[in-house]
Protein chains: 2
Amino acid sequence: MVKYINQNPVLVAVDCIIFGYDGEHLKLLVIKRAIEPVKNQWSLMGGFIGPGEDLDGAAKRILLELTGLHDVYLEQLHAYGQPDRDPIERTVSVVYFALIDIHKYSKQINDQYHAEWFKLKEVPELIFDHNIMVKAAMDKIRYQAALHPILFELLPKKFTIPQLQNLYEQVYDSPIDNRNFIRKITASGLLIKLAEKDKSGSRRGAFYFKLDKQKHKAQFQSFLNFISKPK
Amino acid sequence: MVKYINQNPVLVAVDCIIFGYDGEHLKLLVIKRAIEPVKNQWSLMGGFIGPGEDLDGAAKRILLELTGLHDVYLEQLHAYGQPDRDPIERTVSVVYFALIDIHKYSKQINDQYHAEWFKLKEVPELIFDHNIMVKAAMDKIRYQAALHPILFELLPKKFTIPQLQNLYEQVYDSPIDNRNFIRKITASGLLIKLAEKDKSGSRRGAFYFKLDKQKHKAQFQSFLNFISKPK
DNA sequence: TCAAAAGTGTTGTGCATACACCCATGC
DNA sequence: GCATGGGTGTATGCACAACACTTTTGA
């Protein structure tokens, strides 16, 4: 079989930055690395691409392995290729980020990885360039969420407006005026009010809403301006 | 030296999508591929990453080889990893797009590649998945240009408002109201009017402007809304 | 004087912001 | 009855879109 001559093959890994939201805090799922080097240090979940597997496929596989979840919101973030980013062997990493409904994740699925959720502000030191990747992912999510309704991917089927608002406040790490917030959200027409209330957070209870999936899909590409523009 | 076991190294290439604007049309620079397979077919300019070279570095090198230009606007677009995208050998391609001032490009620089500029609408069939990459790059540029002043990268130091407007019209393939356009542009404060006029396009002549580089840098990250929102 | 492109203002509308109080309920 | 969080309305200003005519000047 013919090959390109004089080229150095390298390893290609896919790493996944997995975000979740428990109703209070935005969280990141990281694992204790199982192999040398830096075994047992905190790391993003990742793996090498298999033969016959494309990048998206590898990301889905890795996510499935760790979380047991299919059909997750997954987006390619960036490729990292510093020659020395992995001290053992040259490895180019293609990084994806995922937004999952944390309630669908069950710790039992795969305990071999010693996975743990950390609040975003309390994420420990990660191996290699993984901290940089996480920062880039947060920047991208803030950018995207300001224009497109991606944060719903983090919520369960039923959620309340206060939960949603808190999520935005977590992502942007700043308070939001709730009258204006509600107006924007309702104006977008993305939510369907349910009869049921969540009474866990207050005496009065907050109405549950669900996402109008048709509209969500239809409006995903248009610019929605959920977030006040920074002056 | 220790290595990861049981992994298949693959080739990693960097391909560059190079845009230029000649004052009339948005154009793409492609080359006639020099090596088998599909030798002599139209292709993006690319190359394999060298040892000791990171991805951005490889992109810069490739761009320099073809155009002779340093300090070009260059942005990573996406990584492509379909197992069979290159029929010879598994190759993951990390794609960058570049916006250059076409006047700085001189064909003499490097004629071995048989490079040619094509109007965007007349780009020929390219090898492998390169057409898909170009489409993705255009989508991204439209997205970016609607919010951030990136298109100035395509213009020479001195340019006229009609040129600039035509560039936006090329990118979005639709006419723009020039009163509203001028208002937005001047309101942004990004342009500095020069005394000189370009008399080549009309009897009356159009004033040259240059970019206020301070403001351009400062405002690059903020949302500018240059383009009317699609309803 | 005419053709061809450059340049210029106004108005209406909708959207974003700022801001403070009442509501419902369980204890 | 009171404490806690949920929910609601209005006034103001700004930014955008729609729209047509005058200016300049070389031929």
Side-chain angles (χ1 to χ4, degrees), chain A residues 23-24 145-149 155 158-170 172 174-210 219 222-231, chain B residues 23-24 145-149 155 158-170 172 174-210 219 222-231:
Chain A
E24 275 194 279
L147 300 168
H148 308 289
L155 292 165
K158 296 185 303 184
F159 53 87
T160 66
I161 301 266
Q163 269 169 34
L164 180 65
Q165 180 176 342
N166 178 264
L167 172 55
Y168 274 88
E169 289 174 337
Q170 293 286 315
Y172 291 95
S174 69
I176 295 173
D177 180 287
N178 80 315
R179 286 163 293 186
N180 293 333
F181 182 76
I182 291 172
R183 186 175 317 110
K184 279 189 198 179
I185 292 292
T186 54
S188 76
L190 289 171
L191 295 194
I192 298 170
K193 192 175 192 169
L194 303 178
E196 197 186 351
K197 274 188 170 182
D198 168 27
K199 312 278 279 188
S200 69
S202 69
R203 322 269 146 121
R204 183 177 175 179
F207 278 105
Y208 278 117
F209 288 77
K210 67 175 182 180
Q219 296 187 24
S222 50
F223 293 159
L224 293 177
N225 269 45
F226 281 129
I227 296 300
S228 324
K229 299 188 188 166
K231 189 57 208 172
Chain B
E24 274 195 278
L147 300 168
H148 308 288
L155 292 165
K158 296 186 301 185
F159 53 88
T160 66
I161 302 268
Q163 269 169 35
L164 180 65
Q165 181 176 341
N166 177 265
L167 172 55
Y168 274 88
E169 289 174 336
Q170 293 285 315
Y172 292 94
S174 68
I176 296 173
D177 181 287
N178 81 316
R179 287 164 291 187
N180 292 334
F181 181 76
I182 291 172
R183 185 176 317 109
K184 278 188 199 180
I185 293 292
T186 53
S188 77
L190 289 171
L191 296 194
I192 298 169
K193 192 175 192 169
L194 304 179
E196 198 185 349
K197 272 187 171 183
D198 168 26
K199 312 277 280 189
S200 69
S202 70
R203 321 269 145 124
R204 184 176 176 179
F207 279 104
Y208 278 117
F209 289 77
K210 66 174 183 180
Q219 296 186 24
S222 50
F223 293 159
L224 292 177
N225 270 43
F226 281 129
I227 296 300
S228 324
K229 298 188 186 165
K231 186 60 209 171

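We name chains A, B, ... by the order of the sequence lines, and we start the count at 1 in each one. As the structure is a prediction and not an experimental result, all values here were calculated from the model.
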Visitor: Please report the interatomic distance CZ(A:Phe207) to NZ(A:Lys193), rounded to the nearest 0.5 Å.
Guide: 5.0 Å
Visitor: Expressed as a whole number of angstroms, how long is the span from A:Ile182:CD1 to C:dC19:P?
Guide: 18 Å
Visitor: Between atom CG in B:Leu164 and atom P in C:dG7, what is the gap in whole Å?
Guide: 12 Å
Visitor: Need to verify one output field. Residue with the more 5' nearest nucleotide on DNA chain C, A:Arg203 or B:Arg203?
Guide: B:Arg203
Visitor: To the nearest Å, give me how far apart CG (A:Asp177) and C1' (D:dT10) are.
Guide: 13 Å
Visitor: Could you check how far NZ of A:Lys199 sits from C1' of C:dC23, rounded to whole Å?
Guide: 12 Å
Visitor: Which is more 5' along DNA chain D, the nucleotide nearest B:Arg183 or the one nearest A:Ile161? Just name the residue.
Guide: A:Ile161
Visitor: Give the rounded distance in Å between these two atoms: NZ of B:Lys193 and C1' of C:dA6.
Guide: 10 Å
Visitor: How close do A:Leu190 and A:Pro149 get, counting heavy atoms only, and between which atoms?
Guide: CD1-CB, 3.8 Å
Visitor: Ignoring backbone atoms, test whether B:Lys184 places a side-chain nitrogen or oxygen under 4.0 Å from the OP1 or OP2 oxygen of D:dA17.
Guide: yes
Visitor: Which whole-number value in Å describes the distance from B:Phe209 CZ to C:dA6 C1'?
Guide: 11 Å
Visitor: Do A:Arg179 and D:dG6 have a side chain to base donor-acceptor pair shorter than 3.5 Å?
Guide: no
Visitor: Can you check the A:Ile176 CD1 to D:dG6 C1' distance for me, whole Å?
Guide: 16 Å
Visitor: Considering heavy-atom distances to DNA chain D, does A:Asn180 or A:Arg204 have its closest nucleotide positioned more toward the 5' end?
Guide: A:Arg204
Visitor: For the pair A:Gln219 (side chain) and A:Ser188 (backbone), establish whether a donor and an acceptor sit closer than 3.5 Å, ignoring hydrogens and angles.
Guide: yes
Visitor: What heavy-atom pair brings B:Arg204 and B:Lys199 nearest, and what distance separates the two atoms?
Guide: O-NZ, 3.7 Å
Visitor: What is the distance, to the nearest angstrom, from the CG atom on A:Asn178 to the C1' atom on C:dC22?
Guide: 13 Å
